[in-house]
Amino acid sequence: RKEVEQDPGPFNVPEGATVAFNCTYSNSASQSFFWYRQDCRKEPKLLMSVYSSGNEDGRFTAQLNRASQYISLLIRDSKLSDSATYLCVVSSGGYQKVTFGIGTKLQVIP
Amino acid sequence: ETGVTQSPTHLIKTRGQQVTLRCSSQSGHNTVSWYQQALGQGPQFIFQYYREEENGRGNFPPRFSGLQFPNYSSELNVNALELDDSALYLCASSTAGGPTDTQYFGPGTRLTVL
């Protein structure tokens, strides 16, 4: 089983739609969780950290479920500019061992 | 922009050669991590340097080595290049090397091995 699993997609959604991505992780000792966004042929950029209490940033909401070992990202009112690959990132260990998922590709269609 | 820079942006090498990639971390950051991202895959952790010491390593062979300098910039060296080493190499800097620290990525170096 992979340490971090994501559905690679692509998810094709119309503008204005709500879309949700899930990501599961295998290491129950994982401590930190993030969502990164990566545009084609560019570097990953931090979208948001994910906390146990859940957190929201504008149209984006991230949730962590430690019992089931998954994190989620919800995007409301999708914009064309949201088209990108969304990478789930899990960090664990005494040093900063960071594991990325394969990424979920989102395409927002006019 | 994150303030993390990498050089060169693109590089073409042949199998068996050696390559050095460079990374300048964001001001105030003392930790640099290196990742390999093959086409269609997520970044894979190679290793991390914290205050000039290797602070963790992923599942990469010894021909992948690195350095961190007193100014916290870093190099990734790859010896005996193989075709499968063709990838985007990303460095990321952060402040303290702990598991909760956010990493900021540079634009990457795209390596092609022929």
Side-chain angles (χ1 to χ4, degrees), chain A residues 2-10 21 23-53 55 57 62 64 66 71 73 84-105, chain B residues 1-6 9-10 21 23 25-26 29-51 53-60 68 87-112:
Chain A
K2 288 184 181 178
E3 289 185 61
V4 178
E5 293 205 62
Q6 291 184 257
D7 181 345
F21 309 134
C23 163
T24 59
Y25 61 94
S26 60
N27 185 354
S28 59
S30 298
Q31 299 183 33
S32 303
F33 309 89
F34 307 90
W35 284 102
Y36 276 75
R37 171 194 168 128
Q38 187 171 29
D39 293 295
C40 188
R41 302 182 74 83
K42 298 284 189 180
E43 73 274 22
K45 293 185 178 178
L46 179 67
L47 180 65
M48 56 200 307
S49 303
V50 187
Y51 305 115
S52 296
S53 56
N55 47 305
D57 182 3
L64 166 63
R66 285 191 182 271
I71 68 173
L73 177 68
T85 295
Y86 291 83
L87 295 159
C88 169
V89 182
V90 175
S91 181
S92 59
Y95 55 89
Q96 200 170 15
K97 182 179 183 297
V98 176
T99 304
F100 282 75
I102 193 172
T104 298
K105 186 171 182 179
Chain B
E1 298 298 325
T2 62
V4 181
T5 61
Q6 290 187 245
T9 53
H10 295 85
L21 310 181
C23 171
S25 58
Q26 186 172 326
H29 287 186
N30 56 16
T31 301
V32 173
S33 302
W34 285 92
Y35 296 85
Q36 179 196 68
Q37 187 174 23
L39 198 61
Q41 301 296 316
Q44 300 293 310
F45 176 74
I46 302 174
F47 44 56
Q48 181 188 83
Y49 279 83
Y50 172 61
R51 293 187 174 179
E53 298 284 334
E54 187 178 290
N55 190 37
R57 189 177 184 93
N59 191 26
F60 279 81
Q68 188 179 31
L88 178 68
Y89 288 84
L90 296 158
C91 79
S93 75
S94 55
T95 51
T100 61
D101 296 322
T102 301
Q103 299 194 354
Y104 297 89
F105 284 85
T109 293
R110 194 164 295 278
L111 173 65
T112 302

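Quick note on labels: first sequence line is chain A, next is B, and so on, each numbered from 1. Model, not experiment: these values are computed from the prediction.
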Under 4.5 Å from any heavy atom of chain B, what part of A:I102 do you find: side chain, backbone, both or neither? both
As an exercise, state the distance from CZ of B:F45 to OG1 of A:T99, rounded to the nearest 0.5 Å. 8.5 Å
Are more than 12 heavy atoms from other residues, nucleotides or ligands located less than 6.0 Å from atom CD of A:E3? no
Any side-chain heavy atom of B:L90 within less than 4.5 Å of one from A:P44? yes
Taking the six-membered ring for Trp, is the centroid-to-centroid distance between B:F105 and A:F100 below 6.0 Å? yes
For A:Q6, is it the side chain, the backbone, both, or neither that has a heavy atom closer than 4.5 Å to a heavy atom of chain B? neither
Is there side-chain contact between A:Q38 and B:Q37, with at least one heavy-atom pair below 4.5 Å? yes
Heavy-atom pairs under 4.5 Å with chain A, option from B:G108, B:G40, B:P43 with the top count: B:P43
Under a 4.5 Å heavy-atom cut-off, does chain B meet the side chain of A:Y36, its backbone, both or neither? side chain
Minimum heavy-atom separation for A:L87 to B:G42, with atom names? CD2-CA, 4.3 Å
